[in-house]
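Throughout, protein chains are lettered first and strands after them, A, B, ... in sequence-line order, and every chain is numbered starting at 1. Model, not experiment: these values are computed from the prediction.
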Amino acid sequence: MTIQFNDETFRDDYSFRNSDRAIKRFPFPFHEDSYMYSVNMEQHRGGPSGSVYEKRFDVDEHYLSEMRDRAIVLAEDPLRCQSLPHMTLAGWDTLELIMVSKSEDYPDLFELHRDGSRWRWVNKPMGIDHTFTFLDETTLPCGPLEYITRQAQGDYAVLDQRGDMLYMDAGMVTTQADWSLDFDIGMDFFEWHAPVPLAHEMGIFKRALKFLLNVQQGAPARRLNWTMTVNPLLDTSPENYHKWGIQKTTLTPENIGAKQHLRVELQTFYRLPRSNALLFPIRCYLIAFQDIVSVPKWGRRLHRVVRDLPDELATYKGFIANRPMMLDYLSQYDDGLPTSPGVWPDLETEPPLQR
Amino acid sequence: MSAAPQKARAGAERIDVTVSAVVPVNDLVTRFEFTRADGRPFPPFSPGAHTVVEMQDGGRTRLNPYSLMSDPSDPTTYAISVRRDDAGRGGSLFMHRNVKPGDAMTLSYPVNLFPLDRRARKHVFIAGGIGITPFLAMIAHLEHLGGAWELHYASRNRALGSYVEDLTAKYPHKVHAIFDEDGEAIALEDLLDGQPLGTHVYVCGPAGMIKWVHDTATAHGWPAENVHSEEFLAPQPGKPFEVRLCKSDIVIQVGENESLLEAMERCGVDAPFLCRGGACGQCETEVVEADGTFDHRDHWLEEDDHASGKKIMPCVSRFIGETLVLDR
């Protein structure tokens, strides 16, 4: 497989685009015509060929541009990457997992040559060829977590597990849906989820914590989460809210198809072998409304989900004010026909828009 | 999302292995070393982890958890040490009598219910008897990373003190061996006193020892989160009883020498589990109906759960009475 990497931006002129292939493999998060919270976990053991679920760490056409955007964010705000002192071993675990996975899953792009603790890492797309000593921080230009996550799409929260609780004790967070590692660092699972409405009352977090504490080595898990973002911004952080929050007021009926994006997080969970910490990669995928509605099933379904979502959730996800305009736009692509079950586009079998 | 729905088998992932060595350590304890059948390196593991060993004993599958005692940085070998329990249900006897070098066996992936607290400035290990095994992996690990530790190791006598000679020879200033038959005892109050701030204590051994360490540490003002313990309970025999499993829609008999979990597995019910020793919580099962008395033996459920009669941990707990219906 060869990937044609895009040259694009997630800021200023927003030249980010999804190719036809990227649209068809987009991780559409709604398996039915309505949405409510659930602990929607499944095993992360591959998926259909070409889908974002196939590899352990998906590499796509946005790879190089996303890594450039991460470098910009880190240059402005180094606290987006933090690791408490006891988490260094978990950082090495993360480096090992990503290097081994990428070199096995994308042998044409990444190589890892191990001779005892002497490791040579080759990242062809980024032009890196680096030899270092595993578990010796002095042989890397920065900590192991920062080193490898500057070369891997998605955010990474590294959770320490102590006494049946998870703690947000390290991470690389530059593509987040309005949460802050610097604010959450050291918090426990219930503390960092405190702002989420409804789910606490539903017992979602107790069940989720119980599940996560028991994610075992060799048996990673995954789920999807989603929100809405105006303009293809990766960095929708609280730190920069003054820059991106106001952009939500720039939507018009004319530009909404291009500007309004569905933001989907493919969240995976790995038990790290040496440290027993839990790695929580959060991979962000963006897609413009005008690209979603090019898939008739997704256009019908997104309209119904946005229309019927409880107000608390539309508020929490930050689009309650724009919901009427979204519905005006999306309703043009909902002809009332039933939709097939499941998340897949089903382009061959679902009828085109009937109007 | 159901991108690729898969039904997982209960328990952790498995690794096919070959027995590479069977080494008698003393009259009671034998070490078993394994290499991977496919020749690949073992996954790294965190010290304190255990593996569940699958034993094919005639028509019966035995699943016993043992702490991994090998050096976690050695990907060529996993090793466990098994103490022979002549009065037990037969798993350790099977290992001692039947397992030979070259045998094919199956291990679970490592599962850690007894991890190091990596914030600790110093780790104090307290071992009783075969409880030494997780500390062997922890010591090897901390020696690689340069962490501070000390070990207080009580055994009946020098001959039965597994690995005590190696340990005292290698780490004479860090290992304190105590032999019961010499009238010695761990001076727990003294050793708790004067530890640097940020020290964590870990205890693995008989139930009485674990309770003694927790109680003494608490009495000396140690925070509960700085004291860690692991005790695997072996399921104890008990009177046979009958259970109806309503989801599976079958009635099963639990024999005298098998656990409720094992009886379910024997009858083809794929019940969840990890540790099989009452500690991890995976096999927690809802009670639909019960007329009788529960014999709760786990460390997982809270006291009020036990009192409620609404939950049972089938890996170790039993039931005495007429009717038991479980949501499984």
Side-chain angles (χ1 to χ4, degrees), chain A residues 27-31 38 40-48 51-54 84-90 92-93 96-97 114 116-117 134-135 160-165 167 169 210 213-214 216-225 264 266-267 271-277 341-344, chain B residues 1-15 41-49 51-52 72-73 75 107-121 137 141-142 144-147 198 200 223-228 272-275 279-284 300:
Chain A
F28 190 72
F30 308 112
H31 66 277
S38 62
N40 49 338
M41 296 280 188
E42 65 183 27
Q43 292 186 73
H44 185 40
R45 309 268 176 97
S51 75
V52 302
Y53 312 104
E54 183 185 10
L84 296 183
H86 61 282
M87 297 300 283
T88 304
L89 186 63
W92 285 109
D93 267 330
E96 179 179 33
L97 176 66
R114 289 184 280 187
S117 60
F134 187 67
L135 296 180
D160 197 19
Q161 181 161 334
R162 303 190 299 269
D164 290 333
M165 182 49 74
Y167 298 87
D169 283 353
K210 207 164 187 175
L213 291 171
N214 275 304
Q216 297 301 336
Q217 209 179 319
R222 68 183 172 216
R223 69 183 287 262
L224 293 179
N225 197 8
V264 174
L266 172 57
Q267 306 181 342
R271 176 67 54 197
L272 294 175
R274 298 167 197 273
S275 61
N276 201 44
V343 296
W344 305 108
Chain B
M1 99 197 64
S2 290
Q6 315 107 326
K7 171 86 176 80
R9 242 193 339 161
E13 286 298 293
R14 288 147 171 91
I15 305 170
F42 277 109
F45 68 94
S46 53
T51 181
V52 175
S73 67
L107 305 183
S108 77
Y109 256 69
V111 171
N112 200 337
L113 303 175
F114 190 41
L116 290 171
D117 190 319
R118 296 186 180 278
R119 298 169 306 166
R121 308 293 289 272
H141 178 79
L142 290 174
H144 289 304
L145 294 185
H200 283 245
E225 61 266 27
N226 284 42
V227 184
H228 312 268
F273 71 87
L274 277 175
C275 78
C280 75
Q282 276 291 290
C283 70
E284 182 180 310
W300 172 256

Shortest non-hydrogen pair, A:H86 vs B:R118, comes out as CB-O, 3.2 Å

Okay, A:R274 and chain B: the region with an atom under 4.5 Å from a heavy atom over there is both

Separation between CZ (B:R119) and CG (A:D160), nearest 0.5 Å, reads 7.5 Å

Per side chain to side chain contact (heavy atoms under 4.5 Å, CB included), A:N276 is matched among B:P115, B:P110, B:P47 by B:P115

_Would you say that B:Q282 contacts A:Q216 through its side chain, given a criterion of any heavy-atom pair below 4.5 Å between the two side chains?_
no

Under 4.5 Å to a heavy atom of chain A? For B:N112 that would be both

Most contact-rich option vs chain B, by heavy-atom pairs under 4.5 angstrom, among A:A277, A:S275, A:G163, is A:S275

- prompt: Looking only at atom types and distance, does a side-chain atom of A:Q217 sit under 3.5 Å from a main-chain N or O of B:P44, one as donor and one as acceptor?
  reply: yes

Would you say A:L89 and B:H141 make side-chain contact, with heavy atoms under 4.5 Å?
-> yes

The interface call for B:H228 against chain A, heavy-atom contacts under 4.5 Å, is neither

>> Run B:E284 and A:K210 through side chain to side chain contact (heavy atoms under 4.5 Å, CB included) and show every step you take.
In response: CA-CA 12 Å; B:E284 182 180 310; A:K210 207 164 187 175; 3.4 Å; yes

